[in-house]
Protein chains: 2
Amino acid sequence: MTVTLADVAARAQVSPATVSRVLNGNYPVAASTRERVLRAVDELDYVLNGPASALAAATSDLVGILVDDIADPFFGVMAGAIQSEIGGPGGRAGGERLAVVCNTGGSPDRELTYLTLLQRQRAAAVVLTGGAVEDAAHQAAVAQKLRRLADAGTRVVLCGRPPAEDTPSVALTFDNRGGARELTQHLIGLGHRRLGYIAGPEERTTTRQRLEGHRAALATAGIAQDPGLVVHGRYDRRSGHEATLELLRRDPSLTAVVAANDSVALGACAALRQSGLRIPEDVSVAGFDDLPFSIDAVPSLTTVRLPLAEAGARAGRIATGREEPPPGAIAMVRGELMVRGSSAVPRG
Amino acid sequence: MTVTLADVAARAQVSPATVSRVLNGNYPVAASTRERVLRAVDELDYVLNGPASALAAATSDLVGILVDDIADPFFGVMAGAIQSEIGGPGGRAGGERLAVVCNTGGSPDRELTYLTLLQRQRAAAVVLTGGAVEDAAHQAAVAQKLRRLADAGTRVVLCGRPPAEDTPSVALTFDNRGGARELTQHLIGLGHRRLGYIAGPEERTTTRQRLEGHRAALATAGIAQDPGLVVHGRYDRRSGHEATLELLRRDPSLTAVVAANDSVALGACAALRQSGLRIPEDVSVAGFDDLPFSIDAVPSLTTVRLPLAEAGARAGRIATGREEPPPGAIAMVRGELMVRGSSAVPRG
DNA sequence: CTGTTAGCGCGTTCAC
DNA sequence: GTGAACGCGCTAACAG
């Protein structure tokens, strides 16, 4: 039925071992022999049997990328960068890696399931993106899985996620706290004193870190923390819309809304406008991430730029062993404050 | 080192075959035996070796999902739906499928590469999403790959893509033409006569079909086609922004802009506003797809709703054999015109 | 219902 | 530089 390595060997008049060597390019093979083999491969339209080769070699060329929400550009941009860095130079039968993204939908169970599936496939590497769920039991379960994965030779890279304790993984973590702090400082510097904050889902590292940064800035400026000015929601536009209406209900006098991310900020803008408020004249708005759409929103969004694509690319290279891990296996990726049209001095 | 099926068998005092049967659940096994085996699995923290099982069974549990742009919600929504329909009910060691998305970035070469990689893995199924590139050579190459895949027992499903000739695949194709036609008819019905059209990249089925629908509506209404009123671009927001400025330059008197999709439409809105034009008072705008953000854009976007999630879910079920393919292996998925705030009667 | 026996297709020692 | 032989871990017939 399907053509095997032995078929290629027969056609090229060599032994199966030689064909294997040519395909993997790990052993010296005479140029003429190699050519004959490659010709046979083409003529027979031969495709290596991945499972068989993974079984024999005890390692596969599959790389898994776990994301929370595939429909969110935050993850899309990172995943795309990781994948393009991993998918080899494109060539013939041997060599390529299969970089593959798995959508957990933010569910801890699915995260664990995917990790098991990847472990089952003897994945060459696994990249976990985005914040982690802050549940002790779940974190322990993930840490254990990652340890097993690492033991089996799978490279583990964290991209945009805080380092997991006791896990032999490389972590590229985002400075959410510092970025958020700087952002709120900017608004305070403009003169804002009543700032609403729309946080992400509770129990997530990203949510907590950004909120901490925000609060630190308020504290430093001596501004009292009003718990009523913090609303939790999801990381999407609709959530930002709803949360903003809620914030306005609680305090119609607020002059700025800081959102957990850019999507949320866009929802906030829509809600403010529908409430008859102008941006930034009446209310300033700020986001986080600096996703592609943020710069040409109307008005363009003040936010913190996270180098998602760069971090993803680096994670991809580390995952494939083409770049040395940072010292201590941890690197802090900093954000950059982008001041744009959506923030200004408060009214009155 | 790593624990194997034989270890589990020894611990549970049964033969390896029995363990295999328990894990796969395809054969009758006594309840007591099953329990003993499962306990041993847990105690040993055993994880099935995917490659070995794929090799022996001549089929794997991997399902590939090809998308053009992972950062675009159009694909994100479909991919998410497909994946959630494929990733089994979540359970123990056996049973699960690894649904995995591959980002081609719109590159024909990468599409082919991923297909080969999936073929190498002996994927159980492959789902191709979105429009196809209209290049004869590339289409032939893809068709051949799909044929080989199908020959090897891989189920091939097309979601949002026109059927490939001579390929034993199931196609869920979107009625881009009909939707676009209806949309433009709506604008014409409002009184618009000078409509700008921002098309997607050339040489793509989706682009062509939507443009055809638009033109058909114009022709039916007896409106002359002005080639200058059609601009091609990418399927993203920035492109819509640029294209709109170009359209305004070519004809400042246009009263409506029809965009290739919602992201492009949003870019168009931004450009119009920056040009001092109000929506819809001065210029109406329409999109396509009805992505989640479109309803709470300001103003909310008139568009054609494509049931992306439903189609994806169905594709996922067909790919896993849990739903019968439609008669003739082809189903046309229709869009629904959503008239919202961004379209109105033209000025003056 | 369960155990035994063969391979699945390839990578990798060894010899030559 | 090349071939022969073995085994990776599992599933799929067969028996019983």
Side-chain angles (χ1 to χ4, degrees), chain A residues 1-38 40-41 44-62 93-96 119-122 124 152-153, chain B residues 1-38 40-41 44-62 93-96 119-122 124 152-153:
Chain A
M1 257 292 291
T2 125
V3 22
T4 76
L5 197 154
D7 299 330
V8 176
R11 193 156 182 31
Q13 319 247 49
V14 295
S15 75
T18 300
V19 177
S20 171
R21 297 198 258 252
V22 170
L23 259 26
N24 292 305
N26 298 330
Y27 281 88
V29 173
S32 64
T33 311
R34 142 180 283 104
E35 202 169 327
R36 226 163 356 116
V37 170
L38 292 181
V41 166
L44 262 32
D45 207 13
Y46 170 69
V47 175
L48 196 65
N49 183 319
S53 105
L55 174 58
T59 174
S60 83
D61 53 3
L62 198 151
E96 322 281 8
Q119 181 183 7
R120 179 189 300 183
Q121 299 296 331
R122 304 303 188 252
Chain B
M1 256 294 290
T2 130
V3 24
T4 74
L5 196 153
D7 299 330
V8 176
R11 193 155 184 26
Q13 320 247 47
V14 295
S15 74
T18 300
V19 177
S20 171
R21 296 197 261 252
V22 170
L23 260 25
N24 293 306
N26 298 329
Y27 278 93
V29 174
S32 64
T33 311
R34 143 180 282 104
E35 204 168 328
R36 226 162 357 115
V37 170
L38 292 181
V41 166
L44 263 30
D45 207 11
Y46 170 69
V47 175
L48 197 65
N49 184 318
S53 112
L55 174 58
T59 172
S60 84
D61 53 4
L62 201 159
E96 322 281 6
Q119 180 183 8
R120 177 189 301 182
Q121 299 295 331
R122 304 304 188 251

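Letters A, B, ... are given to chains in the order of the sequence lines, protein chains preceding strands, and every chain is numbered from 1.
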Spacing between A:Tyr27 atom OH and D:dG3 atom P, to the nearest angstrom: 15 Å

Test item: B:Thr59 side-chain N/O and B:Ala124 main-chain N/O as donor-acceptor pair under 3.5 Å: no

Sugar-phosphate only, base, or nothing, as touched by A:Leu5 at under 4.0 Å among non-hydrogen atoms: sugar-phosphate

Rounded distance [0.5 Å steps], CG in B:Leu23 versus CZ in B:Arg34: 10.0 Å

Residue pair B:Thr2, A:Arg122: steps toward the side-chain contact (heavy atoms from CB on, under 4.5 Å) verdict: CA-CA 11 Å; B:Thr2 130; A:Arg122 304 303 188 252; 4.1 Å; yes

Donor-acceptor pair (no angle test) under 3.5 Å: A:Arg21 side chain, D:dG3 base: yes

Value rounded to 0.5 Å, distance of OG in A:Ser20 from CG in A:Asn26: 8.0 Å

A:Ser20 vs C:dG11: side-chain N/O to OP1/OP2 distance below 4.0 Å: yes

Closest to the B:Pro28 side chain, choosing from C:dG3, D:dG9, C:dC1: C:dC1

CG-CG distance between B:Asn24 and B:Asp61, expressed to the nearest 0.5 angstrom: 10.0 Å

Interatomic distance where CZ belongs to B:Arg122 and P belongs to C:dG9 [whole Å]: 8 Å

C:dC8 phosphate, OP1 or OP2, under 4.0 Å from A:Asn49 side-chain N/O: no

Closest listed nucleotide, where the reference is the side chain of A:Ala17 and the choices are C:dT12, D:dC10, C:dG9: C:dT12

Sugar-phosphate only, base, or nothing, as touched by B:Ala30 at under 4.0 Å among non-hydrogen atoms: sugar-phosphate

Whole angstrom value for the distance that separates C1' of D:dG9 from CG of B:Leu23: 13 Å

A:Ser15 side-chain N/O to D:dG3 phosphate OP1/OP2 under 4.0 Å: yes

Given DNA chain C, 5'-ward residue of the pair A:Pro16 and B:Thr33, judged by closest heavy atom: B:Thr33

Pairwise 5' ranking along DNA chain C for A:Pro51 and A:Asn26, keeping only the more 5' one: A:Pro51

Nearest-angstrom distance from the residue atom CG of B:Leu55 to P of D:dG7: 16 Å

Any A:Thr18 side-chain nitrogen or oxygen under 4.0 Å from OP1 or OP2 of D:dT2: no

Interatomic distance, B:Leu48 CG vs D:dC8 P [rounded to whole Å]: 17 Å

